[in-house]
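For reference, the structure is listed below as structure tokens.
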Amino acid sequence: MADMAWVPTTMLDRKFVPRGVTRCTPARFSLWLTPWCLLLGLGLWAAYLCLRDGLLHTNMDNRFAFGLWIFLDLAIIAFGGGAFFSGVLLYFFKLKELNAVIRSAVLIGFLCYSGAVTVLAIDVGQPLRAWFTFWHPNAHSMLTEVTFCITLYLCVLAVEYLPVLLRNRQFRKIPSFLVFEWELHKLIPVLAGIGAFLSFFHQGSLGGLYGVLRGRPFAFRESFGIWPTTFFLFVLSAMAVGPSFLLIMTRVAEWVTRKRLVLESVYVRLARVSGWMLTFYVLLKSIDTMVWLNSTSRRGGFLPWEYYSWEPFGVWILFVEIGLFGFVPALWLMRAGKVNTSWLIAPALLACAGVALNRYVLTVQTLSLATLPFDEFLSYTPSWQEVAVFGGVVAYGVIVYSVLYRYTRLFPQEQER
Amino acid sequence: MRVLIAFLLGLAGSLAFGWWGFPQLLYQREPQPLQYNHKIHIEKGSMECSSCHEVAADGQFAGIPRTASCGACHAEPLGKTEAEKILVTSYVAPERELDWKVYSRQPMNVRFSHAVHVNKAAMKCEECHGGRGSATAAEPFYRNRVTGESRNVWGPRMIRVGLKPGEGMKMSDCESCHEQKGVSAGCLGCHR
Amino acid sequence: MSATQKTSRTPRRYGMVIDLDRCTGCGACVIACAAENNVAPGAARENDRNSISLLRVFTLNNPTAAGRRTAFLPMMCMQCEHETPCVTVCPQQAVELDVLSGIVEQMPQRCLGCRYCMTACPYHARSFNWGDPSWPAGMEATLNPAVAPRMRGVVEKCDFCQSRLHAAQDAAAVNGSLDPGIYTPACVEACPTQAITFGDWNDPEGALAKSGETFAWLEGLGTQPKVRYRSGQNWLHEMAERGGAAPAKEERHG
Amino acid sequence: MAIGRRELLGLAGGAAVGGALSPVPWKLLDDSAIWTQNWSWTPTPVRGPVTEKFGLCTLCAAGCGVKARCGSAGVFGVAPAAEHATGGGALCPVVYGAHQLPYHPRRLRTAIVNGHAVETKEAIAEVARRLEAAGAKAAILDERPGRIVSALYDRIARAKGGTVVTLAQVEDRSLRTMEDLAGMGPGTLGYDFEHAALILSVGAPLLDSWGSTGRMSRLWSRRVETGKPVFVHAGSHWSRTAQLADRALILRPGSEAALVAALAGKLAIEPAAEITGLSPASLSDLALRLREQAPALVVGGGEAASSGLPEATERMIAALNVAIGALGRAGGIVMRRPLTGAPQPPQYLDRVPDHSLDLLVHEASSAGIVAPEALLRRKLAAKGTLVRLSAFLPEAFGPNDVLIPSTTFLEGAEDARGARDAAVETWSYSDGLSSVPASALPPAEFAAQLAEALQVKVESYEELRKARAAAIVAAKRGHVYRHAGGERAEATDLEKFEAAMAEGAVWVDEPVEPGPLRAKIDAVDWSAGRPEQPSLIAVASSPRGSLSVLPAVPLASKLDRETRLYAVPGEVRMNPRTARELNLRPGDSVLVSTPFGETRGRVRCDAAAIPGQLELGACGDGSQLVLEAMGAAEPGAGPTQAAQIRRS
Amino acid sequence: MFPGVNGFHWSPVHIIFLSAFGLVLSVLLVTLAVAFFRTLRDVRSGRAGAIAWHCDFEDLPRQERLCRHAFEGAAPGRLCDRGFDCRDCETHPKFATIETRWPVTLPAGLEYPETRLYHRGHTWVEPQPDGTALIGLDDLGARVFGAPEVVELPAPGTKLSVNGAAWRMMRNGASVSVRSPLEGEVIAHGAPGGQWQLRVKPEAGERAFRHLLSGAEAHAWVNAETDRLMILLSSTPTGAALADGGALVADLHQALPDAPWDEVSAAMFLNC
């Protein structure tokens with residue numbers, strides 16, 4: 001497509017576009033937004049149906065209490081882990097290249113978490129009572145920990161993103177905003193610290209959600225300290241997949257905006273960090289699987305091959321998750337410096353697919369397997385409402401990211417070209 | 001400077017609405033079918049609480065008596081009061097049930113056992129219902145538009161402090177009394 | 001379990017022993033339970049996976065050659081005693097193992113409907129109100145006044161007919177005691193062959209103590225269920241030992 | 001002071017801070033949570049005192065006594081009456097939800113004549129006119145003969161030259177053949193299971209709400225405790241009784257005659273084994289035990305959802321009973337005194353010649369016991385009309401039929417005699433417990449108004465009831481069981497008797513000393529043909545009695561569709577291998593056709609089903625078509641039919 | 001969660017759980033509070049202007065952050081990392097000694113008298129004998145912005161910081177805050193439409209004027225600025241072509257009414 005004149009034309013639009021960077025015309029921008037707005041509309045309509053008549057519009061039932069929503073929530077929260085991990089790497093391990101991508105990371109983290117919380121609000125039978133978890137917390141329950149941490153972390157992410165918002169052309173006209181932004185920017189490492197603390201807990205307790213299920217031998221894991229091993233595996237996998245997801249999103253942003261947003265060294269750094277974490281995660285996961293298959297589930301009276309003797313959950317799913325989506329991307333990402341950087345998106349996608357598959361298996365396969373001898377294997381397919389609601393959340397993410405990319409400076413290195 | 005004034009104006013406005021306007025809007029006043037006079041029944045009719053609100057032998061609590069039990073004495077008007085005329089003409093004669101607005105009506109999922117509290121724990125009615133038993137007229141009934149419950153459950157004021165008996169019947173009121181007496185019933189004790 | 005529940009009387013641990021040889025799978029208990037607990041008649045969309053069934057009777061086929069071909073297994077909430085899966089996972093303490101009666105009590109008015117307890121329960125004893133329960137016109141007159149109908153979006157489970165527990169406690173309170181004693185839940189009253197025995201596991205001379213050798217399902221998980229079963233046919237005992245169901249082998253038809 | 005954007009921002013900030021410090025957000029948070037508990041569309045029960053009353057269940061002929069819990073809005077719960085002679089503390093599953101029948105969506109509110117609504121009075125006049133016109137070709141179908149209202153029907157029929165008929169329920173078929181062989185009147189024989197050591201049921205669903213559930217359940221409990229009686233079931237498919245029986249003989253469909261002949265010694269073991277598909281060893285072992293484990297008896301009657309075994313097979317079963325000495329022996333088939341004061345027992349509808357009736361008045365007041373529609377149509381002449389006294393709108397009714405609304409469970413004044421299989425007669429009555437809707441006519445009221453319209457002088461219901469009570473007291477036999485206290489009393493004094501009966505007590509007759517009875521069995525034809533073995537057979541799983549009540553009780557879906565305990569109506573259950581052979585997949589909608597009709601359903605695969613058999617759920621809505629397809633109207637069509645199935 | 005609610009009891013798990021989250025929440029609130037009060041302190045102590053300039057400087061496009069010595073070729077292409085505050089920049093004296101390499105002539109029609117010192121934000125400073133200094137808009141700035149409709153001058157007595165916001169000018173929608181060339185206290189306002197806008201009392205000593213441009217350096221800088229102006233105007237849809245050597249029109253605003261003046265004036269006066 002010819003490189004059109006990329007100068008914003010309408011007055012209002014030009015007032016907000018940061019100076020010195022070029023953005024497409026508002027017409028083209030709204031053309032880009034329309035499909036996502038339609039998807040958002042469809043999602044809102046499906047959500048309205050679920051809120052009006054209750055969850056009978058979904059295909060979930062008493063045996064499949066968790067379905068597509070919980071699986072995808074866990075997946076996008078794992079992908080949103082890139083925010084806290086790149087924050088830690090930048091402010092504590094001083095990896096200076098990540099400065100180019102930290103604002104986009106924080107925004108992606110915020111969108112993933114707020115999207116997940118919105119889907120949870122619809123997935124819960126009585127959204128108006130959501131505050132009960134804060135008023136009558138059950139400290140033993142993993143879900144209480146998740147609720148507390150995610151709500152707090154959403155505030156932390158919002159505060160972390162505030163400086164970027166305040167640098168917008170119109171907000172900076174009020175000098176005290178700029179000064180507040182400057183002072184806050186100096187304290188960002190503190191926020192990154194508590195962000196990491198919170199993320200460690202809720203990524204972990206999302207994993208712990210399944211590990212503590214004494215009644216579901218497929219998911220039950222022995223405890224290491226006071227948490228089941230899935231607690232630590234989820235944290236590690238979030239750290240591993242966060243940078244990869246960031247790499248993918250930045251590459252997609254470059255492809256959509258047809259601009260060079262970050263330097264090559266940033267991609268190499270992200271890939272290498274993700275590679276190392278993924279290797280560490282896959283090693284621990286293999287050990288944990290061995291322990292689980294041979295001792296934990298046997299004690300519960302379940303034979304290992306029972307879990308994998310039904311279509312479509314054959315033993316292949318275990319090897320795909322650890323092998324194809326585990327070791328292969330890990331080794332590929334670790335050789336980031338030497339291989340062609342533009343191909344790095346492939347192992348990143350594999351890593352993300354691996355973590356998503358892990359969440360899928362723990363959610364859907366756990367519930368489909370029989371726990372009682374006279375049970376039968378069950379299957380579940382999501383209804384259009386479930387897919388539409390999640391489509392709506394993805395659309396919300398894309399719309400907000402596009403708007404904020406246009407009106408705030410997400411990529412400092414963007415103007416280098 | 002003007003921004004500060006605007007800020008204070010907004011603050012004062014919303015505080016005024018919150019503490020004075022909102023309660024007016026939240027509760028709607030509903031009339032009782034007739035002005036029942038407890039005092040005259042106790043003194044002239046020489047009755048006490050359990051003659052109408054009695055706990056049956058099998059533990060069932062009669063609650064507000066039905067028209068038939070009023071009809072037992074009031075087949076014809078005994079006195080000259082307006083309320084009694086209404087009772088006889090439009091309720092006892094056509095045997096229509098009185099639609100009383102109950103001040104201490106708890107939601108459907110709450111199980112308050114008068115048998116346990118009155119018979120076993122020998123509590124006085126006044127401890128929870130306050131002076132309603134000796135009132136000469138039915139006090140005005142306010143219903144919360146959102147929850148549908150009577151205002152006597154939350155209490156007359158927005159802040160639930162200094163509540164006299166009969167003014168607050170929320171879960172925390174029952175709990176504090178149970179805590180003092182050291183008899184905690186757990187969820188199953190009071191919910192059904 | 002709220003530790004500060006100071007017990008005003010000797011706590012009971014209600015439980016059941018169900019004789020699988022007596023149960024003929026007629027289903028009287030299922031309908032009596034639904035009528036007692038104000039469960040709405042199932043709408044057309046409700047099937048065996050999304051209906052409100054606090055008590056369900058499973059059909060067990062005898063994989064071995066010996067003994068009767070089928071046994072029927074009534075299964076409701078097991079009121080698990082140790083590390084109750086649903087109590088430990090509920091984020092807002094809507095489920096509580098009651099110290100005074102051993103019943104696992106579900107509070108529909110505090111339940112968010114997050115359904116985490118339903119994934120935690122290995123016995124599938126919990127049902128969720130996927131839509132608003134609705135009765136045909138006029139049928140509200142047949143609602144049991146002692147039980148509060150639930151609203152949409154909350155989880156429900158068997159609580160050993162707490163309405164009858166409360167009625168028993170009220171009756172006992174009139175003559176001075178707080179102990180509801182051994183009352184009769186709806187399914188026990190309805191069972192034509194008296195297959196379900198309800199009693200108190202704390203009571204050494206009670207009906208449960210005298211019910212001989214009993215077994216429970218999924219005992220390996222260590223949740224100590226309080227509903228136990230009894231049967232003379234040992235193929236049932238063997239099946240109860242095993243955890244998850246083996247893949248559907250060729251069923252015995254002869 | 002110019003109001004700029006900054007000032008508006010300040011104002012909004014102030015309002016926000018003020019709002020957070022005011023009770024508005026926090027009170028609304030708490031109130032909205034409470035609002036979700038008190039939604040106006042979540043119904044709340046009516047408060048009020050709870051009382052317990054005793055009543056009579058009229059859903060089927062057994063007539064069990066029930067304890068009803070009544071709140072201020074009517075009956076809200078049903079429980080067994082511990083001491084009732086028939087119920088005896090055990091009821092069938094459906095009665096626990098029957099108190100919701102009065103509010104069934106298909107409740108009939110107005111009378112319907114020729115397709116449009118009329119006043120009940122007019123409908124009665126129309127029925128009277130048609131009865132007048134039909135003369136001898138009119139019949140009144142009374143499903144529960146021996147009640148007081150049956151006497152009214154008897155008088156009306158006799159006055160106009162018509163007849164009173166009844167349905168041959170699954171319990172009647174075996175007994176009536178035995179009564180014919182023994183040359184005794186209908187209703188004079190009963191089963192004495194309590195003393196039996198071995199019960200062989202040929203197709204009869206004994207443990208599936210057969211006869212009166214209470215009696216069979218108590219029998220099953222004694223079986224579990226003492227090991228007696230031993231249940232042996234011979235049938236063509238794994239019915240619930242077969243699954244629970246100590247020994248189940250699954251024989252080739254239609255080969256019951258060969259089995260009975262072999263057991264009676266009239267057919268050699270090898271050919272019989274070859275015809276029935278059973279092993280010779282099991283046949284000879286059963287024949288031996290029938291004679292050794294005395295007292296043993298054989299119960300015929302076939303499946304509930306079919307017209308029962310062929311007449312010849314029933315005669316063979318009666319002869320077998322005589323051969324093993326079960327007739328007239330304790331623990332076998334015993335004599336039963338007819339109910340004192342009851343009218344002449346009516347004849348059976350299936351013995352009425354086909355297409356011989358111009359008018360059939362079908363009194364199915366309390367609930368539509370599954371009278372197969374096809375059987376009624378078959379007995380009516382081409383332009384014959386069906387008059388139905390029913391509390392519910394039937395699934396299908398003819399253009400010139402007459403429908404008259406009636407009372408249902410616990411509404412009208414009803415009385416009930418002993419179950420057909422009982423060894424002794426009982427009698428109890430109860431006045432209605434819940435309010436009768438304006439347009440509904442209790443059966444007694446209907447009979448009285450019909451008699452008045454026909455200018456036939458009949459006594460009133462009260463007088464007949466008093467006469468029956470006086471007759472029973474005069475006979476000085478039997479005892480009265482009172483529920484309240486549970487104690488027994490002599491039936492000697494009329495006032496005490498009537499007071500007890502008004503409270504729902506039950507009168508039980510004296511059992512007859514089992515003396516030897518003779519029956520001519522030499523005339524029985526023992527020829528047992530070889531049924532051809534169709535590749536695919538259809539089987540109807542319809543538990544007899546209460547569960548096959550139409551319309552299904554609102555909560556009955558908890559038994560089939562919502563828990564899969566029984567066969568799900570509208571579903572065709574088959575073994576996965578059979579499904580593969582017919583290349584059908586679960587969920588396909590199919591059309592099952594048999595020689596007598598066809599029915600639609602959805603395929604469901606289940607590893608526990610028998611290869612080569614299609615199991616159709618035959619209770620609840622849509623079961624009329626299934627019954628017709630299973631030959632419920634064809635005499636002797638047998639429980640299983642050859643079937644073809646294709647995707648529809 | 002709070003005492004007195006449903007028989008709440010302080011079990012160890014609750015203590016750990018709630019104290020952990022209480023801690024995190026309080027850290028978050030404290031961070032926000034610290035940032036807020038530091039801002040108040042900065043605003044009150046007048047450092048707000050400097051801090052605001054520091055943030056703006058970071059977001060200026062690259063070619064606007066060139067070092068002063070890049071114009072006359074001493075350090076071509078070098079970016080300034082101190083926000084144009086050369087007063088205590090140690091590399092500035094080194095570059096100052098290198099003599100200029102490129103002959104510099106002023107574009108036609110612009111006069112930049114020698115007596116004045118020039119600031120990168122297109123303002124000139126003229127020290128007065130009585131120790132104060134006059135500040136006004138330089139020729140290029142005046143031509144670009146033309147006659148402003150509204151001018152908001154800081155009240156006498158306010159303290160200005162180098163590169164901080166001095167005064168604000170608005171003209172049909174394009175509003176610009178002019179950078180202050182000096183650090184000091186405003187003494188008096190100039191007459192509206194007059195040569196100079198502010199009289200300021202600078203801090204003592206030569207150090208106050210070290211970061212201002214004068215002479216040939218200023219001329220080289222003005223040349224670069226006119227080139228930048230041409231690029232800015234040419235990329236606008238109007239595509240006005242300024243042929244080389246053509247004299248600059250007195251008021252560009254009038255000449256090209258539909259140019260994106262908000263963007264162009266922001267670029268010229270170093271607004272972000």
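Here is the naming used below: chain letters follow the sequence lines, and residue numbers restart at 1 for every chain. All of these numbers come straight from a predicted model, not from anything done at the bench.
- By the 6.0 Å contact criterion, CD on Glu76(B) is open, its count of non-hydrogen atoms from other residues, nucleotides or ligands being 12 or less.
- Residue Val55(B) touches chain C through its side chain alone, counting heavy-atom pairs closer than 4.5 Å.
- Of all the heavy atoms in Met108(B) and Pro149(C), the pair that sits closest is CG-CD, 4.3 Å.
- Heavy-atom distances place both the backbone and the side chain of Asn109(B) under 4.5 Å from chain C.
- Atom CD of Glu96(C) sits about 8.5 Å away from atom CG of Leu188(B), to the nearest 0.5 Å.
- When each of Gln106(C), Gln162(C), Met107(C) is checked for a side-chain contact (heavy atoms from CB on, under 4.5 Å) with Cys187(B), only Met107(C) meets the rule.
- Neither the backbone nor the side chain of Ala121(B) comes within less than 4.5 Å of any heavy atom of chain C.
- Of the N and O atoms on the side chains of His191(B) and Glu105(C), not one donor lies less than 3.5 Å from an acceptor on the other residue.
- Residue contact with chain C, scored on non-hydrogen atoms closer than 4.5 Å, involves the side chain of Arg111(B) exclusively.
- Only the backbone of Pro145(C) comes within less than 4.5 Å of a heavy atom of chain B; no side-chain atom from C-beta onward does.
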Test log, rule side chain to side chain contact (heavy atoms under 4.5 Å, CB included), inputs Leu178(C) and Val116(B): CA-CA 7 Å; Leu178(C) 280 179; Val116(B) 169; 3.6 Å; yes

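- Nearest heavy atom pair, residue Asp170(C) against residue Ala115(B), reads O-CB, 3.6 Å.
- Only the side chain of Ser101(C) has a heavy atom closer than 4.5 Å to any heavy atom of chain B.
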